[in-house]
Amino acid sequence: MTMNQDHLALAIRLARDNVLDSGGRPFGAVLVRGDDVLATGVNEVLATNDPSRHAEMQAIRAAAATLKTVHLEGCVMYASGHPCPMCLSAIHMTGIKEVYYAYSNEDAEKCGMSTARIYAEMAKPLSQQSIRIEHVPPRNGGETPFDCWQRKRESSSR
C-alpha cells in the first residue's frame, strides 16, 4: 500500500484537536485497511490517568473490537508522532506491517515528549537496563498456564 497524505493529515488534525478541544496530549492516530478508515484514536493519558491510552493504542483497541480479532494484518497505521516503544510493540503484536508518522522524536523533544531515551534504554541488554527485570522460575511443578492454553486449544479444535 502506498502512503496516503489524507490519512496522515487526519492523524495530525486529531492531534491538534485533542490539544485544543480536550486539553490532551498532541497525538492522533488513524488505522486504515485498504481505503477504509477502521479506527482513530487520540492520546487520552491525561483525561484517564491511564499511561497506556496513547493514540495508536486507542486506534488498535477500537479496530480490534470492530473486527473482533487481535490480528490486524493488512492494516496501515498513520500517526501524528513517532510511535513510542509500547505502541510499536502493539503494532508488531497485531501484525500491522506499515506505519507512517509526521513528527519525529526530535520534534517532540522541544516539549519534553520524545521517547528516544526509552528506545535507547530498551536497546540495552536486560541486565543493563535501569529497571530490575529478572526471570524467577516457579518453585512448584504442575500444569503451567501454557499447558492449560495448549490443552484448551487442542480440545476446542476437535
Side-chain angles (χ1 to χ4, degrees), residues 1 3 7-8 10-12 14-19 22-33 38-67 69-153:
M1 181 171 202
M3 204 282 296
H7 297 314
L8 194 58
L10 176 55
I12 295 167
L14 289 167
R16 281 192 196 123
D17 290 348
N18 194 45
V19 172
S22 304
R25 290 183 174 173
F27 299 101
V30 178
L31 196 55
V32 176
R33 180 180 283 160
L38 295 177
T40 63
V42 295
N43 185 295
E44 295 179 348
V45 169
L46 298 176
T48 63
N49 293 313
D50 179 345
S52 72
R53 300 286 291 258
H54 289 199
E56 298 91 335
M57 298 293 287
Q58 296 295 83
I60 287 170
R61 286 180 182 120
T66 297
L67 298 174
T69 182
V70 297
H71 304 288
L72 301 176
E73 293 89 354
C75 292
V76 178
M77 177 69 74
Y78 291 89
S80 62
H82 188 281
C84 77
M86 174 183 64
C87 294
L88 186 58
S89 293
I91 288 165
H92 278 289
M93 293 182 80
T94 58
I96 297 168
K97 298 291 186 206
E98 289 183 66
V99 178
Y100 300 98
Y101 64 93
Y103 298 102
S104 67
N105 266 324
E106 292 77 19
D107 297 322
E109 183 61 40
K110 297 171 191 168
C111 62
M113 293 191 166
S114 172
T115 57
R117 180 188 57 77
I118 299 169
Y119 271 106
E121 182 72 15
M122 291 181 74
K124 297 176 187 176
L126 291 178
S127 63
Q128 295 175 16
Q129 291 186 23
S130 63
I131 61 171
R132 181 177 181 159
I133 183 164
E134 184 176 336
H135 176 223
V136 181
R139 289 184 181 176
N140 54 0
E143 190 173 44
T144 71
F146 302 110
D147 295 335
C148 295
W149 172 258
Q150 191 61 34
R151 183 174 37 78
K152 181 141 176 110
R153 286 180 49 105

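Numbering of residues begins at 1 and proceeds along the displayed sequence. The model shown is predicted, which means the values in this text are computed figures rather than measured ones.
Across Leu72, Val76, Thr94, a single residue satisfies side-chain contact (heavy atoms from CB on, under 4.5 Å) together with Leu31, and that is Leu72.
Taking CD from Gln128 and OG from Ser130, the interatomic distance works out to 11.5 Å, rounded to the nearest 0.5 Å. With values rounded to the nearest 0.5 angstrom, Ser22 atom OG is found 10.5 Å from Leu46 atom CG. For the atom pair Met57 CE and Asn43 CG, the distance stands at 11.5 Å (nearest 0.5 Å). Rounding to the nearest 0.5 Å gives a distance of 5.5 Å between OG of Ser89 and CE of Met122. A distance of 10.0 Å separates CD of Gln150 from OG1 of Thr144, quoted to the nearest 0.5 Å.
Using a 4.5 Å heavy-atom threshold, the side chains of Phe27 and Met113 count as touching. Using a 4.5 Å heavy-atom threshold, the side chains of Leu10 and Tyr78 count as separate. Residues Thr66 and Leu38 form no side-chain contact, since every pair of their non-hydrogen atoms from C-beta on lies 4.5 Å or further apart. Residues His54 and Val45 form a side-chain contact, since some pair of their non-hydrogen atoms from C-beta on lies under 4.5 Å apart.
Residues Gly74 and Arg33 approach most closely at O-CG, 3.8 Å, considering heavy atoms. In this structure, Met86 and Pro51 approach most closely via the heavy-atom pair CE-O, 3.7 Å. Of all the heavy atoms in Cys87 and Pro83, the pair that sits closest is CB-CB, 4.3 Å. Taking both residues in full, the closest heavy atoms of Gln58 and Glu44 are given as NE2-OE1, 2.9 Å, listed atom of the first, atom of the second, then distance. Contact record, Val30 with Ala11: CG2-N, 3.7 Å, taken as the closest heavy-atom pair. Residue Ala15 comes nearest to Ser80 through the heavy atom pair CB-OG, 3.6 Å, listed as atom of the first residue, atom of the second, then distance.
Residues satisfying the side-chain hydrogen bond (donor to acceptor under 3.5 Å, both in side chains) criterion with Ser104, sequence neighbours excluded, are Glu106, Asp107. Tyr101 pairs by the ring-ring contact (aromatic ring centres under 6.0 Å, His included) definition with His82, not counting sequence neighbours.
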- Under the side-chain contact (heavy atoms from CB on, under 4.5 Å) criterion, do Ile60 and Ile96 qualify, and how do the steps go? CA-CA 10 Å; Ile60 287 170; Ile96 297 168; 4.2 Å; yes

- Step-by-step side-chain contact (heavy atoms from CB on, under 4.5 Å) determination, Met77 to Glu56: CA-CA 8 Å; Met77 177 69 74; Glu56 298 91 335; 4.0 Å; yes

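Distance alone, capped at 3.5 Å, is enough to place a donor-acceptor pair between the Asn18 side chain and the Arg25 backbone. Between the side chain of Asn105 and the backbone N or O of Thr115 there is at least one donor-acceptor pair closer than 3.5 Å.
Few gaps surround NZ on Lys124; more than 12 heavy atoms of other groups in view lie less than 6.0 Å from it.
Side-chain contact annotation: Arg61 with Ser52, donor-acceptor N/O pair under 3.5 Å present. Judged by distance alone, the side chains of Glu121 and Tyr119 never bring a donor and an acceptor atom under 3.5 Å apart.
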